[in-house]
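Below you'll find the structure, written out as structure tokens, and then a few comments.
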Amino acid sequence: MKTFEYTASGSRYTTYAKFRKYPNAKASFEDYAKVLRKGTSWNSKFYKKTWKENANKYTVATKALSHTYSTSAAYGSTLNRIIRAHGLTKTLDQEIKYSHKKATPKVDTTMTSAKVKSNDLFSTLLARIGKHTVGLSSKVPQIETRI
């Protein structure tokens, strides 16, 4: 599929990339959270700055996704805009503060299961967004994301 990418200096270019297909938005969000927790094939801790035990605010996690999950320098800012638009800022920051009061959980980076752990920061986001996507799958039969 045709997509835009960015060089390290910020220049945009067009390329073709493979994307995954999902039956609905929920499946897409679950896979996104799993990728962030599991990491890449070459580094299971590649996205560790996004894990709530390593980020004291959701903005720390979203910032860590620019130039990593996405080549765009604006990716984290774009996520922050979406989070604010859906009123998720307090929910995410409260979830992080609550988790930091507890002992830091031991992270299983092997992720043999496709399920997202309930203590993952993005599972909170998924739960809230899921409320906004009810009925979406009938209007948008497939959601695609780049692999």
Side-chain angles (χ1 to χ4, degrees), residues 1-86 88-89 91-100 102-133 136-137 140-147:
M1 203 173 166
K2 187 177 177 180
T3 186
F4 295 111
E5 297 295 332
Y6 296 85
T7 65
S9 64
S11 298
R12 188 172 91 166
Y13 66 95
T14 304
T15 189
Y16 288 86
K18 293 181 181 182
F19 285 76
R20 293 180 181 163
K21 291 183 180 182
Y22 299 95
N24 55 50
K26 182 179 180 202
S28 174
F29 290 127
E30 286 176 340
D31 190 50
Y32 179 72
K34 185 177 99 176
V35 167
L36 296 183
R37 181 52 81 168
K38 187 177 177 183
T40 64
S41 61
W42 67 91
N43 183 350
S44 63
K45 296 182 180 180
F46 190 71
Y47 300 113
K48 72 179 183 179
K49 290 181 182 179
T50 68
W51 302 347
K52 73 180 180 180
E53 59 267 24
N54 298 327
N56 61 357
K57 295 188 91 176
Y58 78 89
T59 53
V60 173
T62 56
K63 181 179 180 182
L65 293 169
S66 296
H67 295 294
T68 56
Y69 184 82
S70 172
T71 58
S72 170
Y75 186 71
S77 299
T78 301
L79 288 176
N80 292 339
R81 192 169 44 254
I82 293 167
I83 289 166
R84 284 191 307 270
H86 290 281
L88 301 171
T89 57
T91 300
L92 292 174
D93 279 341
Q94 284 172 350
E95 180 69 19
I96 292 168
K97 286 176 186 165
Y98 177 71
S99 76
H100 283 286
K102 296 188 265 184
T104 303
K106 191 171 186 178
V107 178
D108 176 10
T109 56
T110 60
M111 288 293 288
T112 55
S113 169
K115 288 223 172 235
V116 177
K117 295 185 179 206
S118 63
N119 68 345
D120 190 288
L121 171 63
F122 285 92
S123 66
T124 302
L125 179 59
L126 171 62
R128 285 293 303 269
I129 290 175
K131 293 176 184 175
H132 296 284
T133 59
L136 181 63
S137 61
V140 183
Q142 292 185 339
I143 299 203
E144 297 181 358
T145 188
R146 184 162 175 229
I147 57 171

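Partners of Ser77 according to the side-chain contact (heavy atoms from CB on, under 4.5 Å) rule, which considers only residues two or more places apart in sequence or in another chain, do not exist here. Arg12 meets the side-chain contact (heavy atoms from CB on, under 4.5 Å) test with Phe4, Tyr6; sequence neighbours excluded. In terms of the side-chain contact (heavy atoms from CB on, under 4.5 Å) criterion, residue partners of Lys48 (sequence neighbours excluded) are, by chain and number, Lys45, Trp51, Asn54. In this structure Ser9 satisfies the side chain to side chain donor-acceptor pair (under 3.5 Å) test together with Thr7, sequence neighbours excluded. For Ala73, the side-chain contact (heavy atoms from CB on, under 4.5 Å) partners two or more places apart in sequence, or in a different chain, are His67. For Tyr75, the ring pair (Phe, Tyr, Trp, His ring centres under 6.0 Å) partners are Tyr69, not counting sequence neighbours.
Taken to the nearest 0.5 Å, the NZ atom of Lys21 stands 9.0 Å off from the CE atom of Met1. Rounded to the nearest 0.5 angstrom, Thr68 OG1 and Asn43 CG are separated by 11.0 Å. Expressed to the nearest 0.5 Å, how far NZ of Lys2 lies from OG1 of Thr14 amounts to 5.0 Å. For the atom pair OG1 of Thr59 and CZ of Arg84, the computed distance is 9.5 Å after rounding to the nearest 0.5 Å. Rounded to the nearest 0.5 Å, atoms OG1 (Thr78) and CD1 (Ile83) are 10.5 Å apart. In this structure, the separation between OH on Tyr32 and OH on Tyr22 is 11.5 Å, given to the nearest 0.5 Å.
Nearest heavy atoms, Ser66 versus Gly76: OG-N, 2.8 Å. The two residues Ala64 and Thr50 make their nearest non-hydrogen contact at CB-CG2, 4.1 Å. Summarising the geometry of Lys49 relative to Ala55, their closest heavy-atom pair is O-CB, 3.7 Å, with the distance given to 0.1 Å.
Residues Thr89 and Tyr58 have side chains in contact (heavy-atom distance under 4.5 Å, counting atoms from C-beta outward).
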Tyr16 and Thr3: CA distance, side-chain angles, deciding distance, side-chain contact (heavy atoms from CB on, under 4.5 Å) verdict: CA-CA 6 Å; Tyr16 288 86; Thr3 186; over 6 Å; no
List the steps, then state whether side-chain contact (heavy atoms from CB on, under 4.5 Å) holds for Thr40 with Val35. CA-CA 7 Å; Thr40 64; Val35 167; over 6 Å; no
Could you give me the CA-CA distance, side-chain angles and deciding distance for Arg81 and Thr62, then say whether side-chain contact (heavy atoms from CB on, under 4.5 Å) is met? CA-CA 11 Å; Arg81 192 169 44 254; Thr62 56; over 6 Å; no
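Salt-bridge formation is detected for the pair Glu30/Lys26: a Lys NZ or Arg NE/NH1/NH2 atom is positioned less than 4.0 Å from an Asp or Glu carboxylate oxygen. Between Glu53 and Arg37, at least one side-chain N (NZ, or NE/NH1/NH2) sits under 4.0 Å from a carboxylate O, which counts as a salt bridge.
Between the side chains of Glu5 and Thr15, no donor-acceptor pair of N or O atoms lies under 3.5 Å.
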